[in-house]
Amino acid sequence: MTKEFSPSPRTIMTPGPVEVDPRVLRAMSYPILGQFDPEFTSLMNETMVMLRELFQTSNQWAYPVDGTSRSGIEAVLTSLIEPGDRVLVPIYGRFGHLLYEIAERCGAEVIAMEQEWGAVFEPQQVIEAIRKEKPAIVAMVHGETSTGRIQPLEQIGKACRELDVLLVVDAVATIGGVPVETDNWCLDAVIGGTQKCLSVPAGMAPVTYNERVERKILSRKRVERGLRTGLVPEAYADETKLIRSNYLDLSQLQDYWSPARLNHHTEMTSMLYGLHEGLRLVLAEGLEARFARHRRHEQALTAGLTAMGLSLYGDCACKLPVVTCVDIPDGVDGEAVRRMLLDRFGIEIASSFGALKGKIWRIGTMGYSCSMKNVLHLLGALEAVLLRFGAAVHPGAALAAALDAYDESAAGEPAHAVK
Ligand SMILES: *Cc1c(COP(=O)(O)O)cnc(C)c1O
C-alpha cells in the first residue's frame, strides 16, 4: 500500500512556487459547484472585478487562463500574432527568451534585442528599436526572475501607444508584489502569475487586455468562424488569420467569461476558489501596503546578506524587489549549501540558469513567504551553513543588521503585524 502523502513543512524562499496562506488552501478544499451554477458564475464575476483592481485597469477583459503562467503568455501571443507579424522582443534574461520562442512558434518575424544579464534596457534604446524596426507587437518581461531585475515600462508603453504598436508584458513575477499599472503605463496586454507574489498555487494565469488587443483578436475570430461554418469562401480564406490553438484562443475564452458564458472548457473549480480567496486577501491588505511590505522585507534581507559579507548580483539600480540574487562566494559549492539549507533547516532557495548556474543563488521574498520570520530564519540558517563550509562570513552580523532594518522600517510594530 502506498502511504498517504504528507509534505514536510517548508520555508520557501524561491521565486515561486511560494508558501500559500492557509485561507487559500482552505478555500481550495470547498465542495465542487457546477460551472454554470449561479453561485459559481458570480464567483467568476467577482474574480474579474478583483483582477481589474489588481492590474490597475478599467479593461473589460481581466480573467484567468487555466494553466500555469506560460499558458497566459501563450494565449496572448497565439491569439494576437498572425504569421508574418513583426514582433520585437527585448531580452534581458531567461523569460525574455521564452517570449522569443513562443512568438517564433506563432510564426512571427521575431526581432530580438539583448541586454547583458544583470541589467535592463534604457527605455530609449527600446523606443529607438521600435522606430527602426516598426514591429506590430513588442513583447517584454517586467520582472526577470532569472536575473532579479525589473524593467521600467512607462516610457516604453507611452511610446508604443504613440507609434500604434501593441505592448505585451509578462508581469508574472511582479503582479501583487510590485506596482504594475496597466492603464497608466499604456500596457496593452499583461500576463500575471498565481504562484509568485499572489501566493496561490500554480495553475492559473490571470490576464488582462484592452480594446486594441481585442480588435486584432476578433478580426481573426470572424475569419475562423467563417472558415468553420463554410461562410468564408476558400478564395477569401486567409489561413494566416486562423488562431492555431483552441484551448488558448482568447476570443473563445472571453466569450466564456462574458455574460453569454459560451461553453469552452470546464473551469478549474478548486483553482478558482483559491484564486478568488488569494485576490481577496491581496486587496484586503491593500496594494500599496502590500508593495511596502515587499520592500520592507527586501531591505532587511539585503541588509543582512551584505552585513554577513556576501555581495549582491547585478545592477542595484534595477533590482527586482521580490527576488534577491546573491553571488556564491568563491570556493563554496552553491548546491551543497542549498541542500543543507533544505535538509537541516527546511528552507528552500533557488539556483539559477544558463551562464549564472553555480554563480548565484536567488532568494524570493514573495507573497505569503515574504515575512520577518522567514527572512530572519533564512539569514540565521545561511550564516550557519556558510560557516560550516568554511566561508569567510561575519558571524552574528546578518541578524543584527536585519533586525536594525526592521526597527527602522516599522518602529514599534509587533512581530505579527510585520508579516
Ligand atoms: C515563473 C515565471 C514564468 C513562468 O511561469 P510558469 O507558471 O512556470 O508557467 C514566466 N515569466 C516569468 C517572469 C516568471 O517569473
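Read the numbers this way: they start at 1 and go in the same order the structure lists the ligands and their atoms.
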> At what distance is the nearest protein heavy atom to atom 14 (C) of ligand 1, and which residue and atom is it?
Replying inline: Lys196 NZ, 3.0 Å
> Do any heavy atoms of Gly143 fall under 4.0 Å from ligand 1?
Replying inline: yes
> Do Trp257 and His264 have their ring centres less than 6.0 Å from each other?
Replying inline: no
>> Give me the residue, atom name and distance of the protein heavy atom closest to atom 9 (O) of ligand 1.
In response: Thr68 OG1, 2.7 Å
> At a 4.0 Å threshold, what atoms of ligand 1 neighbour a non-hydrogen atom of Ala173?
Replying inline: 15 (O)
> Between Phe353 and Phe95, how do the two ring planes meet: parallel, tilted or perpendicular, split at 30° and 60°?
Replying inline: perpendicular
> In terms of residue, atom name and distance, what is the protein heavy atom nearest to atom 3 (C) of ligand 1?
Replying inline: Phe95 CE2, 3.4 Å
>> Tell me the closest heavy-atom pair linking Leu51 and Pro206, and the distance in Å.
In response: CD2-CB, 3.7 Å
> To the nearest 0.1 Å, how far is atom 11 (N) of ligand 1 from its closest protein heavy atom, and which atom is that?
Replying inline: Asp170 OD2, 2.6 Å
> Where is the nearest protein heavy atom to atom 8 (O) of ligand 1: which residue, which atom, and how far?
Replying inline: Gln195 NE2, 3.8 Å
> Would Arg344 and Val385 count as a side-chain contact (heavy atoms from CB on, under 4.5 Å) if you check the C-alpha gap in whole Å, the side-chain angles of each, and the deciding distance to 0.1 Å?
Replying inline: CA-CA 9 Å; Arg344 296 294 159 98; Val385 173; over 6 Å; no
>> Heavy-atom pairs closer than 4.0 Å: do any link ligand 1 to the side chain of Glu144, the backbone, both, or neither?
In response: neither
> Centre of Tyr368's six-membered ring, under 6.0 Å away, within 45 degrees of the axis: is that where NZ or CZ of Lys373 sits?
Replying inline: no
>> Testing Glu288, Glu298, Glu285 one by one against Arg293 for a salt bridge (Lys or Arg N to Asp or Glu O under 4.0 Å), which residue passes?
In response: Glu285
> Which of the listed options, Val322, Leu98, Thr145, Val169, holds the heavy atom that is closest to atom 15 (O) of ligand 1?
Replying inline: Thr145
> For ligand 1, which part of His142 has a heavy atom less than 4.0 Å away: the side chain, the backbone, both, or neither?
Replying inline: neither
> Can Glu162 and Lys158 be counted as an ion pair, charged N to O under 4.0 angstrom?
Replying inline: no
> Which of the atoms in ligand 1, numbered in the order shown and given with their element, are less than 4.0 Å from a heavy-atom of Ser69?
Replying inline: 5 (O), 6 (P), 7 (O), 9 (O)
>> Out of the candidates Asn210, Thr57, Thr208, only one should pair with Asp183 under the side chain to side chain donor-acceptor pair (under 3.5 Å) rule; please name it.
In response: Thr57
